[in-house]
There are 2 protein chains.
Amino acid sequence: MAFENLSEREREILQNLIDHYILTADPVGSRVIANKYAMGLSQATIRNTMQDLEEMGLISQPHTSAGRIPTDAGYRVFVDMLLKPAPLSSAEKTIIQQMISSPANRGIDTILGQTSKVLGDITNQLGISISPKFEEGVLSGIELIPVAEGKILLVVAVKSGLARTILLEVESKVNTVDLKLMESVLNERLAGLTLGQIKNTLSDRLNDTACSPKLIKMFIDSETEIWDGKLSEKLHVTGTDNLIIQPEFADRERLTDIIKLLEEKNVLQSFMESKSTGEGIIITIGSENPISEIRECSLVTSSYKIGKISGTIGVIGPTRMPYSKLVSIVQYTARSLTDALSDKK
Amino acid sequence: MAFENLSEREREILQNLIDHYILTADPVGSRVIANKYAMGLSQATIRNTMQDLEEMGLISQPHTSAGRIPTDAGYRVFVDMLLKPAPLSSAEKTIIQQMISSPANRGIDTILGQTSKVLGDITNQLGISISPKFEEGVLSGIELIPVAEGKILLVVAVKSGLARTILLEVESKVNTVDLKLMESVLNERLAGLTLGQIKNTLSDRLNDTACSPKLIKMFIDSETEIWDGKLSEKLHVTGTDNLIIQPEFADRERLTDIIKLLEEKNVLQSFMESKSTGEGIIITIGSENPISEIRECSLVTSSYKIGKISGTIGVIGPTRMPYSKLVSIVQYTARSLTDALSDKK
DNA sequence: TTTGGCAATCTCCTTACTCGAGTGCTAATA
DNA sequence: TATTAGCACTCGAGTAAGGAGATTGCCAAA
């Protein structure tokens, strides 16, 4: 649908209506727009335009004697054509920076936890962060460390300076020499590949080696655990309480649905990862959303980088969310996060 | 308060009342008890006894024309004197076993995640699990692995076969020889101590060594991150949706309070850890609880062991919870968890 | 000691009704 | 032709009133 040919007046009214609705959560009537937004037009005129907007499917009436509220399509137009990102206050910038980068020497996990927290806090929505997609990482080295009888710690180091560790089990004792051999074979054959590539070709690559079959078996067996990013990628969610307060979640059932979704984690995770690619901000509005539990919510997502690996952060809230503010916040946070993480490299 | 001298009848009525209230969440009247629980007594007699119980502070009336509901003290007496643990069905046992122990080779974190999930699911309450108290662990070995320019992966292995890894940063390059030296010094001086002990005495123990001062500095700087268990202990919470459905959380404010608490994690964590010691089940009822957000909730906790290190699991729900069932479930789960974890040793 | 009976109490639900907000339409106006 | 004032109409939210139902406490009888 092409809404580029909306008249100036139609745009203005749509904008004011949405602005006001975002603030109050109450259907907006012509009176409010005429008075509060001093457009120099009478209520009647505004009513006429509102009728037009309704015919176009951009706004709707909950019932006859109520004002109008934006439809998902209305938000879409608003976001695409009318959105003016709201600048962040310096206080906001400071707090984002502080939360993300304060104590050095913390794991990326902690940092992402902080990120989702700061997102949740300053947006008053659900703040989300997802750890980097390990599969995109290029292997820089593998280390095998015996930690106990039958337990071996596998360290997978990735170019951007990330490392991942997994405790493997192997039947009976393992000879140190065997272990060292295995280690060097792995390093030789796998270095420079992305973990994703390794995942798909591992068994081939381990075909003809002099390594202990026991160890090879262990590797093949734990293939998925080791190389599949999903298992190590974590979803951090903060600010559920913000959601509960929103009038759109007064309905208990809708609330339980979404909270279940948040606990499930993996559904939301794959969806968000599929969304955010590249630099920009991506906004997904209400019914555009494939996950039924959040059909009445919008997402604002962006991605951050650590070296060449990317991850996703974002915000979820009711479709009636302060988009202009959120866009700026998410964008700024994503950038800060990228900066913070590359400092450490 | 000594309630040992409750008459047989008083006990029976209290028991029936609580049983019924747990089921329905509605105040229980004399009529229900007389009919449903066929005690061979008239309503009037039961009313009399109920008055007595109310005077003792074990039950109370929400308002004049309502039935009675148990007070916290009433639940206490119920739990201490009248509780008969309900046996688990074999289906329940199976599902607990499966969830906890299915795929081998998973990290303890995943297992604990599964544990809280199964607890939440089969109890219909909030399932909680906390990772083992690392501080109790006895160091079995330390390993320092260079993973990238200025980044060193520290592996702390503990006797029970657990290992913890932390990515440390150090200014500029580090000589491999220095690293090896540091490693062996650490192993020499710290092996056999618990991490808690190390935490308190580390700087002393590193006094006069031939190690690179740069590395020593790194260790001293990151002291807390490395040895403090709190940072690596995780709290898993599952089943928030179960809570929302409960009528006692119809009040939005109470709900937000508790959800904030759950997101905070550390408050709840230290409280639960302080509770569960040793083998048994510990039940904390409503106002016995120091955390104000859960003054209307009860906790059923127990602890599990991995080697000599212990951790906590449990369940949170409204004081009106099916204690007899929960006790059995938590107990069985804790034991299964201990078993599952020691299998792996 | 127990029980039947009864007045009293209080919540919850239903119904009816008013108030106010907002619309859409029509006719007048610029 | 575009805008506006005026007005009848619609509908939801909130309030008040009036039962219905449940349960109690107490008294007198068994």
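Below, each value reflects all heavy atoms present in this structure, side chains not excepted, and no hydrogens, waters or symmetry copies. In what follows, every chain begins at residue 1, and chains take the letters A, B, ... in the order their sequences are listed. Computed from a prediction, not measured in an experiment: that's the story for all the values here.
Looking only at distances, a side-chain donor or acceptor of Arg11(A) sits under 3.5 Å from a matching main-chain atom of Glu4(A). When atom types are taken as modelled, the side chain of Arg295(A) and the backbone of Gly286(A) share no donor-acceptor pair closer than 3.5 angstrom. Within the 3.5 Å criterion, the main-chain N or O of Ser7(B) finds a donor-acceptor partner in the side chain of Glu10(B). At distances below 3.5 Å, at least one donor-acceptor pair connects side-chain atoms of Arg254(A) with backbone N or O atoms of Glu248(A).
Side chains of Arg47(A) and Ser30(A): a donor on one and an acceptor on the other come within 3.5 Å. Thr319(B) and Glu296(B) form no side-chain donor-acceptor contact under 3.5 Å, judged by distance and modelled atom types alone.
Residue contacts for Gln43(B): at a heavy-atom cut-off of 4.0 Å it reaches no nucleic acid atom on any strand shown.
The separation between Ile13(A) atom CD1 and dT3(D) atom P is 10 Å, rounded to whole Å. Straight-line distance from the CE atom of Met50(A) to the P atom of dC25(C): 14 Å, rounded to whole Å. Summarising the geometry, the separation between NE2 on His20(A) and P on dA21(C) is reported as 14 Å, rounded to the nearest angstrom.
Within residues 59-67 of chain A, the residues having any heavy atom closer than 4.0 Å to DNA chain D are, in order of number, His63(A), Thr64(A), Ser65(A). Looking at residues 26-37 of chain A, you'll see that no heavy atom sits under 4.0 Å from any atom of DNA chain D.
Of the candidate nucleotides dT4(D), dT2(C), dG4(C), dT4(D) has the atom lying nearest to any side-chain atom of Ser42(A).
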For salt bridge (charged side-chain N to carboxylate O under 4.0 Å, His left out), just list the numbers for Arg76(A) and Asp80(A), CA-CA rounded to whole Å, side-chain angles, deciding distance to a tenth of an Å, and then say yes or no. CA-CA 6 Å; Arg76(A) 183 83 267 167; Asp80(A) 287 346; 3.4 Å; yes
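Taking the six-membered ring where tryptophan is involved, the planes of Tyr75(A) and Tyr323(A) are tilted, since the angle between them lies from 30° to 60°.
Phosphate proximity of dA21(C) to Arg68(A): absent, as no side-chain N or O sits under 4.0 Å from OP1 or OP2. For the OP1/OP2 pair of dC6(C) and a distance below 4.0 Å, the side-chain nitrogens and oxygens of Arg47(B) include no atom meeting the criterion.
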